[in-house]
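Convention: sequence-line order gives letters A, B, ...; per-chain numbering from 1.
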Number of protein chains: 2
Amino acid sequence: MVRAASNSDAGPPRRADAQRNRAAILEAAVELLHRDGANASLEEIARRAGVGSATLHRHFRGHRALLEAVFDDRIEQMCAEAERIAEQWPAGEALWAWLRHIAQHCAAEKALAALLRNDYGDTGAQNRSFGALGRAGQKLLDRSAAADAVQPGVTLKDLLLLVNAVADVCSDNSADIDRLLDLTWNGARRPIATNC
Amino acid sequence: MVRAASNSDAGPPRRADAQRNRAAILEAAVELLHRDGANASLEEIARRAGVGSATLHRHFRGHRALLEAVFDDRIEQMCAEAERIAEQWPAGEALWAWLRHIAQHCAAEKALAALLRNDYGDTGAQNRSFGALGRAGQKLLDRSAAADAVQPGVTLKDLLLLVNAVADVCSDNSADIDRLLDLTWNGARRPIATNC
DNA sequence: ACCTGAACACCGTTCAAGT
DNA sequence: ACCTGAACACCGTTCAAGT
């Protein structure tokens, strides 16, 4: 279920066998990244795709390039979700609903979580993935800040790191994720004045 | 700065060269685990310690056994901190101060964070490390719950996972850690009624 | 232009052979 | 009892040789 090549429109047309190989590699990568997480063996991916490991490396120079190609469409999907959610909910709820979506994606695909976490860490942050996600999220955060729905001083990076971290420690149990995210959003501490 | 062998009092006395090797391995492991995190190369550790890799594997059967030996005393230290803190602060503050300490340890030693995270995940949870830490933390949590200082239903595992996760995504910047932990404790959401 | 097999420099783990 | 060197089955990456 990976689109053949989302950003391969540029450049000269590829040979038919090269296109087939590329698609086979992506297909195999999806399965093994799902099973083994971010450091699935490239060798095994190549084997399952029925190509030599050298072929994999020429299509995707380095681990990271493969991850980006695999999760490219899922990141676009998360950006689209931001727009859709923004239209349906008030600022604070929208931001939080979107972050919960991201957490679910990250918990279901540890490799995606690892990819994004690296991007957040980069001070450069000029990565394509973070760029798109960052713009989508910043809109939601700005609206929330304007509505006074988040703690002052909270950055988008803070929030993305938090949900990523929570997703990473929860082992696929989506009930756990929801509980920990709730704690993060509402605070683990009992509010001092509960009934005003 | 690793005690020679904290749980080697049991069993027959070891040969002098074996003791020296064991100590050298631990020393090297401390350095390389600090530099490379949880999956530092065992081979490189053995090399730096000046022993064959087979020797390392006989002293410590598997990656995990080495991690446990290295961080044994640091875990005891965290347990001791729990007692000390409990005597000085009211329930809620004590719990939170202790969790902040743990986060700092985990952020400074990613390998320690990885070791603990595995223990939290284990449903068995009969691990020595988690056992001691769990008992120490549960006391603090029970006191806090009795004082109504934490959200009802929060478990110790929730809290340990959260601080571990936060520590893991913060790259050694202790200011970042403090900010994210604060969000976790107080909630990222702006409380609805702020001035009662 | 693209693929392949082989090579290189690494892993973690195990085991027979030594003292 | 303990250590060693060699072996085994893996990695990721690169490169010359093929079509």
Side-chain angles (χ1 to χ4, degrees), chain A residues 4-5 7-33 35-70 110-111 114-115 118, chain B residues 4-5 7-33 35-70 110-111 114-115 118:
Chain A
N7 56 357
S8 72
D9 303 336
R14 299 179 179 264
R15 240 166 55 177
D17 57 344
Q19 286 183 41
R20 250 182 292 116
N21 279 338
R22 190 188 147 94
I25 291 170
L26 283 175
E27 195 104 5
V30 167
E31 295 176 35
L32 290 181
L33 286 172
R35 199 192 66 188
D36 298 340
N39 34 15
S41 156
L42 298 188
E43 200 103 1
E44 196 181 351
I45 291 172
R47 231 173 306 154
R48 176 175 299 213
V51 303
S53 66
T55 299
L56 186 151
H57 279 86
R58 207 152 53 77
H59 275 283
F60 307 100
R61 156 166 313 261
H63 206 143
R64 186 189 165 87
L66 180 57
L67 285 189
E68 280 177 354
V70 166
K110 303 290 189 185
L115 174 63
N118 279 354
Chain B
N7 55 357
S8 71
D9 304 337
R14 298 179 180 262
R15 240 167 54 177
D17 56 345
Q19 286 183 41
R20 249 183 293 117
N21 279 339
R22 189 187 149 94
I25 291 169
L26 283 175
E27 195 104 6
V30 167
E31 295 176 36
L32 290 181
L33 286 172
R35 199 192 67 188
D36 298 339
N39 35 14
S41 157
L42 298 188
E43 200 104 1
E44 196 180 351
I45 292 172
R47 231 173 306 154
R48 176 175 300 213
V51 303
S53 65
T55 299
L56 186 151
H57 278 87
R58 207 152 53 77
H59 276 284
F60 307 100
R61 159 166 309 263
H63 206 142
R64 184 186 167 90
L66 180 57
L67 285 189
E68 280 177 353
V70 165
K110 303 289 190 186
L115 174 63
N118 279 354

Just the rounded figure in Å: distance from [atom2] of [N] to [atom1] of [X].
X	N	atom1	atom2	answer
B:R47	D:dG5	CZ	P	14 Å
B:Q19	D:dC2	CD	C1'	13 Å
A:N39	D:dC11	CG	C1'	12 Å
B:E43	D:dA9	CD	P	17 Å
A:N21	C:dC3	CG	P	5 Å
A:I45	D:dG12	CD1	P	8 Å
B:L67	C:dG12	CG	P	12 Å
A:L42	C:dC10	CG	C1'	15 Å

Sequence neighbours excluded, which residues qualify as salt bridge (charged side-chain N to carboxylate O under 4.0 Å, His left out) partners of [X]?
X	value
A:R48	A:E31
A:D36	none
B:E43	none

### Message
Counting only side-chain heavy atoms from C-beta out, which of D:dT13, C:dG12, D:dC2 sits nearest to B:A18?
### Response
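Closest nucleotide among those given: D:dC2.
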### Task
Please list every stem that involves DNA chain C, where a stem is a run of 3 or more consecutive Watson-Crick or G-U wobble pairs with both pairing distances under 3.5 Å.
C:4-8 with D:12-16, C:12-16 with D:4-8
What's the spacing between [X] [atom1] and [Y] [atom2] if we round to 0.5 Å?
X	Y	atom1	atom2	result
B:L32	B:E44	CG	CD	5.0 Å
A:L66	A:L115	CG	CG	10.5 Å
A:N39	A:L33	CG	CG	9.5 Å

### Task
Would you mind classifying the nucleic acid contact of B:R20 as base, sugar-phosphate or nothing, using non-hydrogen atoms under 4.0 angstrom?
nothing
#### Entry: Minimal non-hydrogen separation, B:A111 against B:G37, with atom names
CB-C, 3.9 Å
### Query
Should A:R22 and A:E27 count as an ion pair when the cut-off is N to O under 4.0 Å?
no
Residues 55-62 of chain B, side-chain donor-acceptor partners within the protein, below 3.5 Å, at least two apart:
residue: B:H57; atom: ND1; partner: B:S53; partner atom: O; Å: 3.0

### Message
Please list, in numerical order, the residues of residues 48-62 of chain B that have a heavy atom closer than 4.0 Å to any atom of DNA chain C.
### Response
B:S53, B:A54, B:H57
